[in-house]
Amino acid sequence: MSTQEIKRVGILTGGGDCPGINAVLRAVTKTAMFDHGWECFGIEDGFLGLIEDRIRPLSFQDVSNILTRGGTILGTSNKANPSRFAVGHDADGHPIFKDVREKAMAHYRKHKLDALVVIGGDGTMTCAATMIPMGLRCVGVPKTIDNDLMHTHVTFGFQTAVEIATEALDRLHTTAASHNRVMVVELMGRNAGWLTLFAGLASGSDVILIPEIPYDINKVCDYCRDRMEHHKAFTIVAVSEGARPVGGEQFVHKTIADSPDPIRLGGIAHQLQDQIEKCSGIETRAVVLGHVQRGGTPCAADRVLATRFGHAATELLARAEFSRLVVVQSGQITSVPIAEVADRQRQVEPDNELVKIARSVGTCFGD
Ligand code: F6P
């Protein structure tokens with residue numbers, strides 16, 4: 001297909017929101033409008049809007065003054081997988097799934113969309129990948145505070161979440177020091193420890209527990225006691241929601257049956273609080289940072305990254321390079337096939353440079 005055939009571009013944002021989505025929407029729409037003379041259309045609530053035909057034009061006014069705004073002006077959904085869409089429940093209350101990709105493709109054609117820009121994490125890219133064989137033309141933009149997409153060194157939203165979590169950990173230092181307490185702080189990140197590793201290192205947290213390095217609770221308690229006796233009377237423990245003890249399981253908060261990624265992690269901070277208090281004898285408190293890590297305005301680095309990503313996605317469309325995800329590798333924007341990131345997650349290697357450095361400055365990983 002020649003580049004001239006692109007005239008109408010749909011944009012959707014899938015999965016959990018994060019700071020910087022609106023900056024991507026703005027960059028795609030303005031680049032499409034100013035550099036190429038294309039029209040853009042916003043699809044509401046991710047793939048749900050494509051399935052339910054909720055698609056509206058995006059004007060200059062719609063994307064003006066949204067660079068700094070958190071969340072997504074289009075809405076998002078982490079329950080709408082077109083190839084496995086929940087259409088109701090059976091007598092036992094279990095969801096009934098149906099393949100509604102044809103319906104979604106019918107709406108794509110009805111609005112005469114020439115291609116989609118799909119902004120999301122691995123779940124959203126998996127949804128897009130299953131529709132490519134049906135004729136969907138798309139490019140992807142990597143979004144998640146978890147920073148766990150394959151083939152990109154950073155996703156937008158991550159750096160803002162690191163800033164938010166770091167500020168919280170900094171603040172918790174002063175209250176922990178005043179009361180001689182252990183503070184156990186639970187961070188998001190699913191099965192990847194990037195957010196906890198970066199925020200833990202940036203805040204000088206004393207213990208960093210991540211999914212990729214199972215911990216021994218006795219070693220964590222010994223470390224807290226030793227610190228109390230010889231160094232400082234307080235300890236900050238930054239723990240990923242996906243961390244787990246050696247030989248044990250992750251802490252599952254709940255299961256959302258009709259979500260493509262049904263497991264919601266959570267609860268480890270309170271478990272650790274009880275265990276550390278009991279075995280170390282030091283008064284301990286748990287703090288769960290939760291969705292505050294995803295809220296609010298993107299930091300400057302994420303605004304720049306999101307704008308670079310949005311521009312690059314539009315340029316991929318202009319060059320008719322479909323089915324690709326824009327990524328950053330060694331600081332440069334490039335792209336990889338969407339199929340290569342679908343259904344996969346990038347985790348911290350236990351011998352990652354930052355892990356080694358953290359160990360060198362005395363950080364305990366519980367191993
Ligand atoms: O993937 C982003 C993320 O915030 C994870 O860090 C977290 O585990 C999950 O989403 C929470 O999902 P929800 O918004 O459905 O509670």
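Values reported hereafter were calculated over all heavy atoms of this structure, with side chains retained and with hydrogens, waters and symmetry mates removed. All figures in this text were calculated on a predicted structure; none of them were measured in a lab. As the structure lists them, so they are numbered: ligands from 1, and atoms in each ligand from 1.
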Visitor: To check you understand the geometry: which heavy-atom pair defines the closest contact between His153 and Arg346, and what is its length?
Guide: O-NH2, 3.4 Å
Visitor: Would you call His291 a ligand 1 contact, heavy-atom distance under 4.0 Å?
Guide: yes
Visitor: Output the list of atoms in ligand 1 that are nearer than 4.0 Å to some heavy atom of Glu241, sorted by atom number.
Guide: 5 (C), 6 (O), 7 (C), 8 (O)
Visitor: Within a distance under 4.0 Å of any heavy atom of Asn78, pick out the atoms of ligand 1 and give their elements.
Guide: 15 (O)
Visitor: Heavy-atom contact under 4.0 Å between Gly121 and ligand 1?
Guide: no
Visitor: Here's a test for you: under side chain to side chain contact (heavy atoms under 4.5 Å, CB included), which of Thr13, Val141, Leu12 qualifies with Leu25?
Guide: Thr13
Visitor: Can Arg26 and Thr307 be counted as having a side-chain donor-acceptor contact under 3.5 angstrom?
Guide: no
Visitor: To check your reading of the model: name the closest protein heavy atom to atom 1 (O) of ligand 1, its residue, and the distance in Å.
Guide: Asp146 OD2, 2.6 Å
Visitor: Please report the C-alpha distance between Asp17 and Arg294 in whole Å, then the side-chain angles of each, then the deciding distance to 0.1 Å, and finally whether the salt bridge (Lys or Arg N to Asp or Glu O under 4.0 Å) criterion is met.
Guide: CA-CA 7 Å; Asp17 74 324; Arg294 277 177 18 194; 3.1 Å; yes
Visitor: Starting from atom 15 (O) of ligand 1, what is the nearest protein heavy atom, named by residue and atom, and what distance separates them?
Guide: Arg264 NE, 2.6 Å
Visitor: Mind checking whether Met188 has an N or O less than 3.5 Å away from an N or O of ligand 1?
Guide: no
Visitor: Within the 4.0 Å heavy-atom shell around Ile145, which atoms of ligand 1 are there?
Guide: 4 (O)
Visitor: Tell me which one of Asp122, Thr144, Leu195 satisfies side chain to side chain contact (heavy atoms under 4.5 Å, CB included) with Arg190.
Guide: Asp122
Visitor: Is ligand 1 under 4.0 Å from a heavy atom in the side chain of Gln293, in the backbone, in both, or in neither?
Guide: neither
Visitor: Nearest to atom 10 (O) of ligand 1 by heavy atom, Lys254, Arg190, Arg294: which?
Guide: Arg294
Visitor: Hey, does Leu265 sit under 4.0 Å from ligand 1 if you only count heavy atoms?
Guide: no
Visitor: Counting only heavy atoms not in His89, do more than 12 sit closer than 6.0 Å to its NE2 atom?
Guide: yes
Visitor: Measure up the Phe60 and Phe34 rings against each other and bin them: parallel (under 30°), tilted (30 to 60°), perpendicular (over 60°).
Guide: tilted
Visitor: Checking Phe97 against Asn81 for the side-chain contact (heavy atoms from CB on, under 4.5 Å) test, could you report, in this order, the C-alpha distance in whole Å, the side-chain angles of both residues, the deciding distance, and whether it holds?
Guide: CA-CA 10 Å; Phe97 295 104; Asn81 179 356; over 6 Å; no
